[in-house]
Amino acid sequence: VGVVVVVDVAVVVACVACVDDDDDDDDEDDAFTDSDEGEAAEAVAAAGEGIQLRLQDLLEGDDDSDDGGVGVGGGLALLRTLMHRAQAHMQRRAVADPEVEQCLQRQKSQLQETDFSCIVRRDTQHNHPALAGSSNLVHAKLKSKIFATPCLLRGRILPRQRHALLDYSENVNLFCGTFSPDGKSFLSTCQNVRMTLFDVQGLRFKPARAVPTADIGWAIVDTAYSPDKHFVAYSGWSHNIHLVTLDGERHESLPIDEDSGWGVCPFSVKFSHDSRELIAGTNQSAVCVYDLIHDRLVFSFVAHRQDVNAVAFMDEHSHTFVTGSDDCLVKIWDRRLVSQERHREVGGFAGHTQGITFLDPKNDGRFVISQGKDNCIKLWDIRKPSSTLNPKASDDYRYSANRGPREWLRSDTSLLTLNKHKVARTLIRARFSPLAQTGQRYIYSGSADGCVYIYDTLTGDLASQTPMHQSIVRDVSWHPHLPAIVTSAWDGTHKVLTPSRQAVKQQTVRIDVPHWQ
């Protein structure tokens, strides 16, 4: 097993040069000697500059080898010893050296903003990063024996306590509820003629404005924030995608299919990362791209054999986007190679036995999760597409979440499959946890049984299952900077999950809405 560990604490440099080969001879080796102060000072300066040390080949070799290799177990023990020595030495020096104290404070603030990065690479028959299977043991060791971080990586303060938050005055189905990327706003939509935008301070939600909507038909089925923080896009059962400024003063309709009439529904809308284009997937098996700069539909093409329920760009820099459909396929596209005349996917994934309801990329250009009507979440690596893409017919999931046994497909190249939750009646969402708090270690999902499920991608286990509502939880949104998950359910309420019972001190906010039309 070849293991590469990337540690954000660069002060470990001070330990590498002064590890005694006879580490277990006496207890005095557990601390630095005075002769090591020069090397420790250099390490402190390096830590202040944010230099990262890549410890390569430290964990190579067999545990039983006699040729000097430390082995996996020995490597873990050595890394743990180095970390303890560096921390103890810096704490002693901080008492007498103000510069060291400043370095410690800077390093502490950096640790609150970033996560420890652990990359475990292993050659398997599929030749992909080992995020499941036999490598779970290695992940568990690295997690429990090396990383001592106050953030959510260790799962000690996962959101598990339920609080009432927002209650609509009538029993309407809530379809979407999402935080803005900066966490300062929360957008709520349901089966009525308005969207409600809330100002968020900590976990206090204050209704800021109600934005009138137009031409939504049955309901608002999807919303999206523009990366430039100027607009919100929403879609309903209409041939238009609607664009609204965050202050609600400007409202535009962007036609994507004027010929099909009311029967068109863009099930999913997303902005490009430069906010210049909107991409949408419709119930006409089509993908549409709208140019916001020139105010025109660039092209619309048939991408799947059934409804396109989900679209998403892979990251902030590439031109790659993915689509998911009721034909049970996830397809990969390159925006630069797609036009009205030429539209062929560059890859895809076949593993779900029923339609796709939602896609959420990790924003690293590599990994994406898909939520399926087969009650499964699958983690994919776009560098390992399926060899064959055979479309399948999706069953009607509107009436029951208890469908037949799952069928394993030979073309399934997913890295991980999570299947404790239920998907029924609507396009339930699942997402990666925030990067700033958890390093995107967790995947969380709504469910048809009214619970919120949080899965650990390192082990594939269910980390948390919390009953929240008496009805379907369609959407879930984790605050980008706080350990709080807001749910949107079909019982007309938003609720919030936090680590503490005392985290939310405000009274439930009741929202008066007009009758659905």
Side-chain angles (χ1 to χ4, degrees), residues 131-132 152 155 158-160 162 173-179 221-223 267-268 309-310 312 322 324 330 349 351-363 367-380 397 400-403 406 414-435 437-438 440-480 483-491 493-498:
L131 297 180
L152 299 183
L158 279 177
R160 290 188 175 94
R162 179 184 63 189
N173 295 343
L174 297 182
F175 273 69
C176 303
T178 53
F179 286 104
V221 296
D222 197 20
T223 61
F267 283 134
S268 180
N309 299 323
V322 289
V330 178
F349 306 113
H352 286 280
T353 58
Q354 295 189 33
I356 311 300
T357 68
F358 195 72
L359 297 170
D360 188 50
K362 201 176 181 181
N363 289 324
F367 301 105
V368 61
I369 58 173
S370 59
Q371 173 85 283
K373 296 178 182 179
D374 54 0
N375 303 323
C376 290
I377 300 171
K378 289 183 177 291
L379 174 64
W380 308 95
Y397 76 137
S400 174
N402 299 315
R403 292 175 290 281
R406 299 181 183 90
S414 60
L415 306 179
L416 192 64
T417 299
L418 311 169
N419 54 22
K420 301 296 184 181
H421 60 290
K422 301 294 183 181
V423 178
R425 300 182 62 187
T426 186
L427 304 178
I428 294 176
R429 279 88 187 281
R431 308 178 193 269
F432 281 104
S433 59
L435 175 64
Q437 300 175 51
T438 67
Q440 297 178 298
R441 168 178 168 178
Y442 299 100
I443 294 173
Y444 63 106
S445 173
S447 179
D449 59 7
C451 298
V452 172
Y453 291 78
I454 303 177
Y455 297 96
D456 190 337
T457 60
L458 297 188
T459 63
D461 296 332
L462 179 64
S464 173
Q465 175 187 353
T466 307
M468 294 292 291
H469 299 267
Q470 299 299 319
S471 187
I472 295 172
V473 179
R474 186 182 190 270
D475 201 1
V476 284
S477 183
W478 196 317
H479 192 285
I485 300 174
V486 175
T487 60
S488 305
W490 277 18
D491 58 5
T493 63
H494 292 292
K495 294 184 180 180
V496 60
L497 272 176
T498 66

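The model shown is predicted, which means the values in this text are computed figures rather than measured ones. Starting from 1, each residue takes its place in the sequence as its number.
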Nearest-0.5 Å distance, CD1 of residue Ile443 to CG of residue Leu379: 5.5 Å

statement: By ring-ring contact (aromatic ring centres under 6.0 Å, His included), Tyr444 pairs with (sequence neighbours left out) Trp478

task: Please examine the side chains of Ile369 and Asp360, heavy atoms only from C-beta on, and report whether any two atoms are closer than 4.5 Å.
output: yes

field: Test side chain to side chain donor-acceptor pair (under 3.5 Å) applied to Ser477 - qualifying residues, sequence neighbours left out
entry: none

task: Using a 4.5 Å cut-off on heavy atoms from C-beta on, say whether the side chain of Val322 contacts that of Trp380.
output: no

message: With rounding to the nearest 0.5 angstrom, report the OG1 to CD1 distance, Thr357 to Ile428.
response: 7.0 Å

- prompt: Should Cys376 and Asn419 count as side-chain neighbours, where that means a heavy-atom distance under 4.5 Å?
  reply: yes

statement: Correct closest heavy-atom pair for Pro159 and Ser464 would be O-OG, 4.1 Å

task: Identify the heavy atoms of Leu359 and Ala312 that sit nearest to each other, and give their distance.
output: O-CB, 4.3 Å

- request: Might you point out which heavy atoms bring Leu427 and Lys373 nearest each other, and give the distance in Å?
  value: CD2-CE, 4.4 Å

query: Is there a donor-acceptor pair closer than 3.5 Å between any side-chain N or O of Asn375 and the backbone N or O of Val423?
result: yes

- request: Quick one: list whatever passes side chain to side chain donor-acceptor pair (under 3.5 Å) with Asn173, sequence neighbours left out.
  value: Gln191

query: Are side-chain heavy atoms of Thr426 and Trp490 found at a separation under 4.5 Å?
result: yes

message: I need the Leu158 CG to Thr438 OG1 distance, nearest 0.5 Å.
response: 9.0 Å

task: Of all the heavy-atom pairs spanning Cys176 and Thr223, show the shortest one and how long it is.
output: CB-OG1, 4.1 Å

field: Reported OG1-to-CE distance for the pair Thr487 and Met468, which is rounded to 0.5 angstrom
entry: 4.0 Å

query: Side chains of Tyr455 and Asp461: does their closest heavy-atom pair fall under 4.5 Å?
result: no

- prompt: Got a sec, which residues hit side chain to side chain donor-acceptor pair (under 3.5 Å) with Ser445, two or more places apart in sequence or on another chain?
  reply: Gln371

task: Determine whether Ser414 and Phe349 make a side-chain contact, defined as any pair of heavy atoms from C-beta on separated by less than 4.5 Å.
output: no

- prompt: About how many Å separate CZ of Arg160 and CD1 of Ile485, when rounded to the nearest 0.5 Å?
  reply: 10.5 Å

field: From CA spacing to verdict: side-chain contact (heavy atoms from CB on, under 4.5 Å), Asn309, Ile356
entry: CA-CA 7 Å; Asn309 299 323; Ile356 311 300; 5.5 Å; no

task: Quick one: list whatever passes ring-ring contact (aromatic ring centres under 6.0 Å, His included) with Phe432, sequence neighbours left out.
output: none

- prompt: Taking only residues two or more places apart in sequence, or in another chain, which ones meet His494 in a ring-ring contact (aromatic ring centres under 6.0 Å, His included)?
  reply: Phe186

- prompt: Closest approach of Leu462 and Ile454, non-hydrogen atoms and distance?
  reply: CD1-O, 3.5 Å

query: Any sub-3.5 Å donor-acceptor pair from Ser488's side-chain atoms to Phe175's backbone N or O?
result: no

query: For the residue pair Ser370 and His352, what are the closest heavy atoms and their distance?
result: OG-NE2, 2.7 Å

message: Could you work out, with side chain to side chain donor-acceptor pair (under 3.5 Å) as the rule, every residue matching Lys378, not counting sequence neighbours?
response: Asp412, Thr417

- line: For Phe358, the ring-ring contact (aromatic ring centres under 6.0 Å, His included) test, sequence neighbours excluded, returns none

task: Report yes if some heavy atom in the side chain of Ile377 is under 4.5 Å from a heavy atom in the side chain of His421; otherwise report no.
output: yes

- line: Residue pairs meeting salt bridge (Lys or Arg N to Asp or Glu O under 4.0 Å), one or both in residues 463-475, sequence neighbours left out, come to Arg429-Asp475, Arg431-Asp475

message: Holding to side chain to side chain contact (heavy atoms under 4.5 Å, CB included), I want the full list of residues that pass it with Thr493, two or more places apart in sequence or in another chain.
response: Asp167, His469, Asp491, Lys495

